[in-house]
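Everything below concerns the one structure shown next.
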Amino acid sequence: MADLLTHVLVAYVLATVARWRVGFPRHWVPIAMGGAAMPDLVKVGLVIDESVVQGVLGVPFEYAPISSFGGVVVVAAGITILFDRGVWREVYGLLIFGGLTSLVVDGARVFADGTGGFWLYPVWVQPPTPELYVSADPRVLAVVLSTAVVVTGVDYYRR
Amino acid sequence: MGVHYDATFEEQWPYPTDDELATDYDAHVGQETFLFGTVVSVDDETARIRVDADAGTYTLRVRSFDATVDPGGTVQLLGVVRPDGVLVADRVVVVESSEGSRLYKYGVSALGAGLVLVAFFRHWRIDTERLAFEVRDG
């Protein structure tokens, strides 16, 4: 996957530009950014190893689906209920939007066999990947960061 | 979901998995596989690659290894399984060219996590009475 900063900035850029068009309040932008971070929760494995969960559940287990369509839908629901009931619909929609942007960005990275991972799970297909980058490639962040700076500048002058 | 994924993955994945190679290597000789591994050493188109599978860690000798990468870096390998722990690579993709690029990845990701939290709490706060997030006024 791309680094988390890239994910968050891509969602920031898209949500900010969408805000110019649709005119929703500024406080919705960080929700989309948080949504973009959701698939990266798959890295919880760096803190709690899968074998620990496996021991507790007693069956083989993987974190991998967190970084998939199914995972985004479930994790977003879990986060949405932490919000005031009156904004659930907006929060859930924006979290899903942010999560999907990250999955699409991740789906564009290089796989040696030319097909992407199972990021559409629970649908078991491997979409072809355009092979734009590998996960530790700093050029991705350079492109996204400069776009984010431009968008922030434009956003400032539009106030 | 995590359980269902694990139970179904091996049927869906088109190659022998790193676990299957760990437990019954010989059954997959001649098949094509796709693995992630950590570089131990590279010597003239032959690399020693460590594969960390759930079923155990093992080392493969990879022939036709045409990538430039330091020990400690990680690679994707597409190649054919040969007897005695040898993999003949069709394609090698360098993911992290050294330990340093892994540190870069995690460092930048930590920044991203910080950015989300800062951006969020600039606009939202916790309503301590109802224990829910609410928009900050003005």
Inset, instruction - Decide whether A:Val75 and A:Phe83 are clustered together by the hydrophobic rule: side chain heavy atoms of Ile, Leu, Val, Met, Phe, Trp, Tyr closer than 4.5 Å, transitively. - result: yes
Legend entry - Distance (rounded to the nearest 0.5 Å) between B:Arg136 CZ and A:His27 NE2: 13.0 Å
Inset, instruction - Give, as side chain, backbone, both or neither, the part of B:Asp54 having an atom under 4.5 angstrom from any heavy atom of chain A. - result: side chain
Inset, instruction - With a 4.5 Å heavy-atom cut-off (strictly below), which parts of residues 95-104 of chain A touch chain B? List them by number. - result: none
Legend entry - Test item: A:Glu62 side-chain N/O and B:Phe9 main-chain N/O as donor-acceptor pair under 3.5 Å: no
Give every donor-acceptor pair under 3.5 Å between a side-chain atom in residues 62-69 of chain B and any protein atom, sequence neighbours left out.
none

Inset, instruction - Go through the atoms of B:Thr74 and report whether side chain, backbone, both or neither lie under 4.5 Å from a heavy atom of chain A. - result: neither
Inset, instruction - Determine which residues belonging to residues 106-122 of chain B lie within contact range of chain A, meaning some heavy atom pair is under 4.5 Å apart, and list them by number or answer 'none'. - result: B:Tyr106, B:Val108, B:Ser109, B:Leu111, B:Gly112, B:Ala113, B:Leu115, B:Val116, B:Ala119, B:Phe120
Legend entry - Which atoms of B:Gln12 approach chain A - backbone, side chain, both or neither, heavy atom under 4.5 Å: both
Inset, instruction - Taking heavy atoms only and a threshold strictly under 4.5 Å, list by residue number the residues of residues 142-151 of chain A that touch chain B; give 'none' if the list is empty. - result: none
Legend entry - Which atoms of B:Val3 approach chain A - backbone, side chain, both or neither, heavy atom under 4.5 Å: both
Inset, instruction - Using non-hydrogen atoms and a 4.5 Å limit, figure out which bit of A:Ile31 sits close to chain B: side chain, backbone, both or neither. - result: side chain
Inset, instruction - Answer yes if the ring centres of B:Trp124 and A:Trp28 are under 6.0 angstrom apart, and no otherwise. - result: yes
Legend entry - Inter-residue atom distance B:His4.NE2 - A:Phe61.CZ, 0.5 Å rounding: 13.5 Å
Legend entry - Side chain / backbone / both / neither for B:Tyr5 at chain A, heavy atoms under 4.5 Å: both
